Amino acid sequence: MNIDHSILTIIILIPLAGAILLALLPDKGKLMPWGALAVTLVTFVCTLHLPFHFDYGAASGSFQFATDQQWVASPAIRYHLGVDGLSMWLVVLTGLLAPLGVLVSWRVIDTRKKTFYILFLLQQVAMLGVFVSLDLLLYYSFWELSIVPMTLLIASFGRTENRRRAGIKFFLYAFIPSAILLVGILWLYARTGTFDLPRLANLAAAHGISGNSTALWLCSLAFLVAFAVKVPVFPLHGWLSDAISEAPTAAVMVLAGKLGLYSILRFSFGIFPEQSHRIAPLLIALGAIGIVYGALMALVQKDLKRLSAYATLSAVAFIILGIFSFTVSGLDGGIFHIVSESLTGAAFFMLLGFLYERYGTYDIRELGGIASRLPWMVTMFVIMTLSLVGLPMLNGFVGEFLILAGSMQSVFAHHVAWTVFATSGVILSASYMLWMIQRVFYGNLGVKPENMTAWDIDAREHLAMWPLLILFLVMGVAPPIWLRAIDTAGARIAATVPQPQQANSPLKLEANTAEGGQR
Amino acid sequence: MAAQVPTAYYLVLAAILFSIGVGSFLIKRNIITIFISIELMLNAVNLTFVAFAHQWHQISGQIFVFFVMVVAAAEAAVGLAIIIAIFRTRQTLNVDQIDLMKL
Amino acid sequence: MQLALFIIFGALAVAGALNLLLQRHPINSALSLVVVMMSLAVLYWSLGAEFLAAAQVIVYSGAIMVLFVFVIMLLNAGKEEKTTGSRAAYIAGFPGAAAIFCLLTFVFLSEQKALGVANLGGHLNSGLNNIEELSRVLFTKLLLPFEVTSVLILVAILGAVVLARKEDQ
Amino acid sequence: MSHLSPFQIFLLLSIVKIAVVLVILLTTVAYTVLLERKVLGHIQNRWGPSRVGPFGLLQPLADGIKLFLKEDLMPLAAERPLFVIAPIIALTCALISIAVVPFGAVHRIHGVDIFAITDINIGLLVILGITSIGVYGIALSGWSSNNKFSLLGSLRATSQMVSYELALGLSLVGVVLRAQSLSLRTIVESQSAHGLLSWNFFGGYQFVAFFIYLMAAYAETNRAPFDLPEAESELVAGYHTEYSSMKFAMFFMAEYANMVIVSCVATLMFFGGASSPFGNLIPAFGGAVVQALLPVFWFVVKVFAFLLLYIWVRGTLPRFRYDQLMSFGWKFLLPLAMANIIITSLVLALHG
Amino acid sequence: MQSLSPNILALLPEYILTIVGVLIMLAEPLLPPASSRKPLGWLAILGTVAAALASWCQLHLGTLTAFSGTVQVDTFSVFFHLLISAIVLVTLLISLDYFEGSARHAGEYFALIVFSAVGMMLMTCATELLLVFVGLEISSIATYILCGFRKGSATGAESSIKYFLLGSFATAFFLYGIALAFGATGSTSIAAIAAGLATTTTPRLAFLALAMILIGLGFKVSSAPFHVWTPDVYQGAPSPVVGYMSTAPKAAAFAVLLRITFSAFGPMEHRWAVLMWILAALSMTIGNLGAMLQRDVKRLLAYSSIAHAGYILVAFTALRSEGIAAVCFYTATYAAMQVGAFAVVTQVTGYDEQIRSIDDYTGLALKRPVLAAFLGLFLISLIGIPFTGGFFGKFYVFSSAVHSNHVWLAVVGLFNSGIACFYYLRLLAALYTRPATENTRLDRSSRSLGVPAGIGLTLAAAATLVLGIFPGHFLNLAQRAGAAPAPTSAASTPATVPPAAVTLPMQ
């Protein structure tokens, strides 16, 4: 039997089995973190199977490593898994971040380790499930499931007394829209009799879902809103700063961005192409506003965690801008940026976590002047910052550049003004990040560093950070490794747009680069 | 002597009794009286059954009434036992004072 | 005759029911209900349900209501007090009851034509008397409900025993 | 009377029947009291009433006049309407039952059966129903007197009557099963074929049922040995402590009227009612009038025998204790009555 | 087995349970007063298992009618038989230890539960409203008593009397409805009513009958606006009883409601579907909003049960077989999680029920992690998170509603389920957060989890999970139940005499 057909199931099952195993083992010493580390590493190794056996030349739109079995006969729910260029790297990314998450939690989590690691692994199961499910209901199941462990992680392992509220807030923000999403899914099923994504996409392309355009429009909105809250897109970000400032580092690393963005790309664009096109101008505008708003808010934060939350908001807004441009480069850039931003964000949160371990605070005013004491720390912070602000040769640049280029080319109205507006976000992000570095690491010694002795990055932390730092560089200098697969997906989505005057674009070159990588 | 009464009149009589029962159920404050109101409602239902049984020439309506009586007897036994139990613990039969559980 | 019976005993029943509603002492309410029940027994008889008329007197008036009176005497229940709850109940109770009454009456009177008229005696099937016919159906077609009633009564007995027994045993 | 319509005849005769029966019943009640006092006296080795009239025969009259002329006391704390209604209920219920009792063979004048006020097909149920209503009289009298002895007495009486009503009703089921009817006439007829031998008591093997009935009936009428509700030594006089004058007389009459009814029912159900104990052994003799009155004679004799039994029992047996009374009713009579029903129905089912 | 008469075969589970109940009743006074009543409990459990097996066997017998057509045992009723047996089983397992320490009439308790199960089972297989009524009363009366089973507790008696009064009130309406249905069609058998309605000359009467029946059964399933009794009763009654009475009688009542609406009043579907729409929307909204205000866990779960009744009512607006299947499935999942949740509550609070509010549950995960994990699972299922039964239940219900074009009802419902997670989460988060001050109340409940209760909890949890992960078989069963034929008027012909046509002369 070819392992290709079961690899995705294996990837999902390993963390699940690990969680069950941990539940049965006694919570003694470091047994839990070691166990979790082993499980996550094995998962990661399995995910690496995907890029090595991915058929880069396969027809655009085909799913690989697919398995398709009946789950429930009636209603026709199928156990349909598969990945394409869009999701493959996200799976790998999720696999990579998990062991890192275990490593950063090593010391922070000292009570109720069992609960923590079980929830963490379940969270991983849910995320992997979301990325590989091709059946709408299966997907929805994982999507909903992903909320629960996260809520519990926030509510039980949050930083302050505010944790319970933050957890519930996160849950409500995530759950209520997805309840409406379920109505949408049910409506689709009632119309078409299938939950299968490829079939739905084909039907959509053939305008075969429903003749009722209003209903279709409402349904697409149900989808989009649910995803947009999870991203979060600008006005729906109410949960983000609370959740990020409360959640433990390992949870924050996977909190924002990926799931929602992937879902928009996969489902909104896949099932409702026309509706997505129609709403694109609005989303472009929201994206641009989000970029600037996030950056401005980050600029005035006094709390590092909140600052990072707004930085995240700004970064995902970039991606929104890119993907809703519906150009090849915008989409490619968006997808690439999802991966790259996740890595950068993870690094950011990990470093913040390290800092907190040492000084017990996120308050910028209490820190300062630690560069001399913690040289490794500051180095890493600076590299991460440079990646985040989009320095060429690092990963952030590739994504941002492609996105801005793509949105310039976009066929939809108002784009140019918004793109220009959004570009200012790049400058703003540089300012708040660098200012943050300046305030935290240089200048006068803060209250905390003065009174506390801290150790520099230790071996375990090195082990966690270096893979990311290396990846920053590799992704910056050799994006085609990633773009090769991503482009198959990006191009397919872009192809749904009635092709207009793309030829006159001044930035054709970059798109070519991407296409070059495809071969 | 052969004056006939429309079945509807019997039904209206039953409706009157039923409504008085409902009103009494809602208005009365003494548990026993409330229970008595329920019995009145059941009686109204019985009258309806008998009237319809007469109209349809179907004995099953009368049998239903018979069962209602049996059930009412069983209910009365249990209900009054419960009432005695509550009187033992609370020393009152006023529903407004039986309010340990409120929001 | 039918009309006379209906008017006399119908009026008596309504009067009893109203008295039930208006009396403040539970024992008076209980006795009013006995009046209602006895009037209904006569009406049953006039509608050809002799057995039910007897059963009404024996079971309802003779057993159930005696039990009520007995419990009222046992608990020495006093007059109802007016409480804050009762004002709210008046506000909800009267309109509710009136609404139900209007609805029911409207339907009954509007369907009056289809419902036919009642005659004294009202024989169901000629040749059989009421009790024979009743028991014939009861022990053939409706045998199961009849048998199941024994479980019902068993439960009631069990319940009465459980509830009435003192806790300290 | 031919110028009267059948309905008018029916009405007229009915009224006459009711009046006659009522007078006879009340007289019987009055003289049962005298009988009781006399018999009790003899049992206790004394004379009993002997001053008023020959052998004291006018004593009931004197008692009646005395009660009638007594001051009618109305306790202050009593619930007035109920206090007044209670004895009326008691007496009315006691008297109404006689309406369905057939005290002679079917004998029609102008189509009207003259030896029964009415013969309806659920006669037995009517008697049971009316008996059960009678409880209200006692219950309400005790409660409305607002006197603890009365209340206790009436509580006792009520629970006693409710308890024994069950056994009483069940004891009659065997008879009904045999006769396959609830009409008292039919029940009597089912026993009249071979005189004494076909009575339910002998021929119908219903003697167990009869004893259950007898005991339950004694309890129902609050008579010794089940006369706890009015146990003088414990409760003053039970539920009628506060009653005086005519109201008291009503209770008194109700009690004795109930005795008469119970005796009538026992006669009808178990001893062939108005049928002759010799069946067809003795050939018919006398004219039509004698033929018509002979069953009445048998009926009266039987009822009288039961009344004597009542008095005899009262003179002989001590009173039960309350818990004994209850456990006797529930734990002995009731199961026995059920067993009797089961056996009777089995026998009937197996032997046709 | 084939040689048995259908009269025995069709009611085999009921017979078994009745016999077991009588045995328990007889054995109770024979046991010495101080001895444990556990053997009686085990006897009841054994009987329930046997009854469940008997129902399972009935599944292979096709459709049976018995007792002159008053009973029809088909996949539909077998489904509910199995469900009720399962609920009873778990309840009994949980209750075994509940009475430990003193006998406390536990024997009667088991007997009452078993008897009430008989009543409910009869309700689900009856095709004659008279039998439905008697069954309903058996189960109701038993439950009234069970509510007041903790004697000397004022809240228990209060809950009992409230349930009793409002339950009887509802019964009167239900009966009135039956009387009017009888008046409109001349029969009280479901098939005959359906036949009679097609030709009725009194349509208004029929509609009134339906409305009255809906009011009566609405009380029994505690759907708004007939829900007023629910919170008080649930709060005061013993916890294992609440778990039982909030599921099994509701399941039976829903079964009856299904039979009455889809079969008896099938011809009037367009009219009652509207009523159901309103009832469903009201129940969901009132239940969820009410639950948000609660601090007492049992009250919270009571309001949540109102909301769940609303979800189930949603399926009544759907097409026949699909709607029935959805109701069956949801009822089963709801039963699993609700019984489970109350099982945990039972374990936490014990007999004296001192641990009431959400705050009392704070930090349960630290003290009793296993119980907290169970409760967490049930709460997650109640919210409707995937891979638990609750999700598939909701999915199926709303999918059936959407399928018959009630999209807005689905929107209302799912929006409601969004609101609902707020209060479930408050409890869930409380379980998993460390209390600000040491929660001493929980220490008192630190009895260890007994084996029977553990089995019961595991069964409920397993059912919740299996229904969520592998719903296939069960859905299949529910669909078979949905496809069961409507009762036919084989033995019960409707009255053919047109009412007004015949007026017999006076005698």
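Chain letters run A, B, ... following the sequence lines, proteins first, then strands; residues in each count from 1. Every value quoted in this text rests on a predicted model; they were computed, and no experiment measured them.
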Could you check whether any side-chain N or O of [X] sits under 3.5 Å from a backbone N or O of [Y], counting only pairs where one atom can act as donor and the other as acceptor?
X: W143(A); Y: G260(A); result: no
X: T75(E); Y: R480(E); result: yes
X: R426(E); Y: M292(E); result: yes
X: Y330(E); Y: L313(E); result: no
X: K394(E); Y: I385(E); result: no

Among [options], which residue forms the greatest number of heavy-atom pairs with chain A at distances under 4.5 Å?
options: A430(E), P369(E), A365(E); result: A430(E)
options: G472(E), S404(E), G468(E), A429(E); result: A429(E)
options: F392(E), F395(E), F398(E), F391(E); result: F395(E)
options: F387(E), Y396(E), F415(E), F470(E); result: F387(E)
options: T388(E), N405(E), I383(E); result: I383(E)

What residue in [options] has the most heavy-atom pairs under 4.5 Å with chain E?
options: Y189(A), W187(A), F142(A); result: F142(A)
options: L137(A), I180(A), T115(A); result: L137(A)
options: R164(A), E144(A), Q70(A), K169(A); result: R164(A)
options: A23(A), A190(A), S141(A), A126(A); result: S141(A)

Measure distances from [X] to the heavy atoms of chain E and classify the residue's part below 4.5 Å as side chain, backbone, both or neither.
X: I77(A); answer: side chain
X: R165(A); answer: neither
X: S178(A); answer: neither
X: F157(A); answer: neither
X: L182(A); answer: both

* To do: Could you tell me which portion of E322(E) (side chain, backbone, both or neither) has an atom closer than 4.5 angstrom to a non-hydrogen atom of chain A?
  =>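 Neither part; nothing is under 4.5 Å.
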* **Note: D68(A)-R78(A) ion pair, threshold 4.0 Å (strictly below)** =>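 Between R78(A) and D68(A) there is a salt bridge, with a charged N closer than 4.0 Å to a carboxylate O.
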* Asked: Quick one: is the NZ or CZ of K230(A) closer than 6.0 Å to the six-membered ring centre of W239(A), and within 45° of its axis?
  ->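 That pair does not qualify as a cation-pi contact.
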* With no hydrogens and no angle check, do the side chains of S87(A) and R266(A) hold a donor and an acceptor under 3.5 Å apart? ->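 Short answer, yes.
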* Y423(E) side chain to N288(E) side chain, donor-acceptor N/O pair below 3.5 angstrom ->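 Their side chains do contain a donor-acceptor pair, which is all the 3.5 Å distance test asks for.
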* To do: State, yes or no, whether a side-chain contact exists between F79(E) and F474(E) at a heavy-atom distance under 4.5 Å.
  =>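 Side chain of F79(E) against side chain of F474(E), heavy atoms only: contact under 4.5 Å found.
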